[in-house]
Q: 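One structure follows; several queries about it will come next.
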Amino acid sequence: MPVERPDALPAARRPHRLSGGLPGLLAPGATTDPYRLRLYRLLRTDYPLGYDPALGAWLLSRYADVALALTDPRFTGYPHDGAPRGRAPVPLGLCRGSLVCGPLTVPWSTAAPAVERTAYVLARRIAGRDRADLVADFCRWLPAGAAAAAAAGLAHPDLSALHRGARHRHTLTRAGDCTGSTALREHALASFLANMLDDPDLLAAATAGEARGDGSGSLLGRAWAETLRRDPPVQIVLRRTRTEVAVSGGTLPADAPVACLIGAAGRDPARFAAPDRFDPLRADGDPLLIGPAGCPAALLGRLEAEHGLRALLTAMPGIRWADGFRPVAGGLLTRGPRALLVRPS
């Protein structure tokens, strides 16, 4: 029996339906943790091409199919047609605003020191506590606090003036550029810190690098890229076919909405060895899942991750998880840890 779909959406060849009790992407539970429910794995193995009526789009979950949809000119943006076509990746990762990344209105020579100063101010505020939540006390403030400091040219950020309602209104770019919202950078920073704190050996290597003065920039940069692969802040990118397109599960019809499941593609064992493992030193990393190399949001995100971790390790060299705490991520369209409870010393 054919799956129900809007009349305007043609039937796919050899359709693979989400049926037999398999939850859709927006079903209860799936939106909380598609990894724990093995939803992504089921889609990759048994339903590489399926139509999700609740989402109103065809689902692509295998890395090869998602990479095709992100780079092939037979796909375009959805619901708008202005997204890039051709070999250049579409806006992805932290690049979610402007379709054409523009330069920062504040130069990098100002932006980078502002990120560093803000990170150290925040870390020192946390260091004297018995317990702190890095999501609430650090990740939610660093992107906006750094932006406000850079815009005002402050040598020492005044975070007391940055009330909660104003956090997301401070940017380092012109209006409409992809750094206009800090929410995705908050999610990515929280995931990065969770992955680092979860790996004592990796954290020790980063700490030793800072103590030697070599900066460990390469290690932190690779850890940042690995975070965007394993725990992307944006789990789904919407595209639209311009013509019929053959994928591994069949053929997508022309003019069809397509949901690229970035979270599933980034953990596809056909592309990545031990895909669930956080391994910054892996040899099979892929820049496709990071987004455009010159995107201001991606560059700022990496700055915030590297300077943020350095500030925390400097102010709290003995930082560790609070007793009994384990980080839990939430969300499907966007995703990140809800809390990061730590003992500063």
Side-chain angles (χ1 to χ4, degrees), residues 16 25 30 33-50 59-72 87 89-90 92-95 187-206 208-209 216-237 247-249 259-293 298 301-302 305-306 309 326-329 331-332 334-337:
H16 290 250
L25 284 182
D33 197 342
Y35 297 107
R36 182 177 58 83
L37 291 177
R38 300 186 178 180
L39 173 60
Y40 286 160
R41 183 183 302 180
L42 284 170
L43 291 172
R44 283 194 307 263
T45 58
D46 297 341
Y47 302 87
L49 178 60
L59 307 181
L60 296 180
S61 53
R62 293 179 177 175
Y63 174 87
D65 295 333
V66 168
L68 181 75
L70 294 178
T71 59
D72 194 286
R87 298 299 302 170
V90 303
L92 183 67
L94 298 177
C95 184
H187 290 323
L189 176 59
S191 294
F192 171 79
L193 294 178
N195 286 329
M196 295 297 292
L197 288 170
D198 248 356
D199 190 331
D201 292 337
L202 184 61
L203 196 63
S216 66
S218 177
L219 175 61
L220 296 186
R222 297 186 68 156
W224 169 248
E226 175 71 345
T227 293
L228 294 180
R229 176 201 69 84
R230 182 180 179 271
D231 303 294
V234 174
Q235 297 273 306
I236 300 174
V237 171
V247 292
S248 64
C260 300
L261 306 187
I262 307 301
R267 298 201 191 188
D268 188 343
R271 174 60 181 83
F272 302 101
D276 292 330
R277 185 176 68 201
F278 181 76
D279 180 11
L281 303 180
R282 66 171 56 250
D284 56 0
D286 190 341
L288 175 66
L289 299 178
I290 300 175
R302 175 171 172 170
E306 294 186 6
L309 181 63
R326 294 293 307 156
V328 177
L332 177 64
T334 60
R335 185 172 178 81

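Throughout, numbering of the chain's residues begins at 1 and tracks the sequence. For clarity, every value in this text was computed on a predicted model and none was experimentally measured. Note: hydrogens, waters and symmetry copies are ignored here, and every other heavy atom, side chains too, is used.
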Q: How long is the gap from CG on Leu25 to CG on Leu59, to the nearest 0.5 Å?
A: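 Between atom CG of Leu25 and atom CG of Leu59 there are 5.0 Å.
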Q: Going by the rule side-chain contact (heavy atoms from CB on, under 4.5 Å), which residues pair with Ala225 if we only count those two or more places apart in sequence or in a different chain?
A: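 So Ala225 forms a side-chain contact (heavy atoms from CB on, under 4.5 Å) with Ile290.
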Q: Only counting residues at least two apart or in another chain, list the ones meeting side-chain contact (heavy atoms from CB on, under 4.5 Å) with Ala190.
A: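 With sequence neighbours excluded, Ala190 shows a side-chain contact (heavy atoms from CB on, under 4.5 Å) to Val135, Cys139, Pro337, Leu340, given in chain and number order.
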Q: Can any side-chain N or O of Arg302 pair as donor or acceptor with the backbone N or O of Trp224 at less than 3.5 Å?
A: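 It does not hold such a pair.
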Q: Would Arg282 and Phe272 count as a cation-pi pair here, with the cationic atom under 6.0 angstrom from the ring centre and within 45° of the axis?
A: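 No, cation not above the ring by the 6.0 Å, 45° rule.
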Q: At their closest point, which heavy atom of Asp284 faces which heavy atom of Arg271, and how far apart are they?
A: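 Closest pair (atom of Asp284, atom of Arg271, distance): O-NH1, 3.1 Å.
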Q: Could you tell me which residues satisfy side-chain hydrogen bond (donor to acceptor under 3.5 Å, both in side chains) with Arg267, sequence neighbours excluded, listed by chain and number?
A: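 Listed in chain order: Asp231, Asp276.
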Q: Strictly distance-based, threshold 3.5 Å: is any side-chain N or O of Arg335 a donor or acceptor partner for the main-chain N or O of Gly331?
A: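 Such a contact is found between Arg335 side chain and Gly331 backbone.
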Q: Please report the closest heavy-atom contact between Ala223 and Phe192, naming both atoms and the distance.
A: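 Between these two residues, the closest heavy atoms are CB-CE1, 3.8 Å.
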Q: Rounded to the nearest 0.5 Å, what separates atom CD in Glu226 from atom CG in Leu289?
A: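 Reported to 0.5 Å precision, the distance equals 10.5 Å.
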Q: Which value, rounded to the nearest 0.5 Å, describes the distance between Leu68 atom CG and Asp72 atom CG?
A: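 Leu68 CG to Asp72 CG: 4.5 Å, rounded to 0.5 Å.
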Q: Atom CG in Asp268, atom CG in Leu261: separation rounded to 0.5 Å?
A: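 The CG atom of Asp268 sits 11.5 Å away from the CG atom of Leu261.
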Q: Excluding sequence neighbours, so at least two apart, what forms side-chain hydrogen bond (donor to acceptor under 3.5 Å, both in side chains) with Thr227?
A: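 With sequence neighbours excluded, Thr227 shows a side-chain hydrogen bond (donor to acceptor under 3.5 Å, both in side chains) to Asn195, given in chain and number order.
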Q: With sequence neighbours excluded, tell me which residues meet side-chain contact (heavy atoms from CB on, under 4.5 Å) with Ala265.
A: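 Tyr63, Val66.
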Q: Under a 4.0 Å threshold between the charged nitrogen and the carboxylate oxygen, would Asp198 count as salt-bridged to Arg326?
A: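 Answer for the salt bridge query: yes.
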Q: Is a donor on one side and an acceptor on the other found under 3.5 Å between the side chain of Asp65 and the backbone of Ser248?
A: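 Checked: pair present.
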Q: Is it true that a side-chain atom of Arg62 and a backbone atom of Gly249 form a donor plus acceptor pair closer than 3.5 Å?
A: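 Such a contact is absent between Arg62 side chain and Gly249 backbone.
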Q: Output all residues satisfying side-chain hydrogen bond (donor to acceptor under 3.5 Å, both in side chains) with Asp199, sequence neighbours left out; order by chain, then residue number.
A: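 Residues passing side-chain hydrogen bond (donor to acceptor under 3.5 Å, both in side chains) with Asp199: none at all.
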Q: If we only count heavy atoms from C-beta on, is the Arg41 to Pro269 side-chain gap below 4.5 Å?
A: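 Arg41 vs Pro269: side chains apart.
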Q: Between Leu60 and Ala69, which heavy-atom pair has the shortest distance, and what is it?
A: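 Residues Leu60 and Ala69, closest heavy atoms: CD1-CB, 4.0 Å.
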Q: Quick one: pull up OG1 in Thr45 and OH in Tyr40 and give me the separation to the nearest 0.5 Å.
A: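 Between Thr45 OG1 and Tyr40 OH, I get 14.5 Å after rounding to 0.5 Å.
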Q: Taking all non-hydrogen atoms of both residues into account, name the closest pair between Leu332 and Gln235 and its distance.
A: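 Closest approach of Leu332 to Gln235, heavy atoms only: O-CB, 2.6 Å.
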Q: To the nearest 0.5 angstrom, please state how far the OH atom of Tyr35 sits from the CZ atom of Arg230.
A: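 Between Tyr35 OH and Arg230 CZ, I get 8.5 Å after rounding to 0.5 Å.
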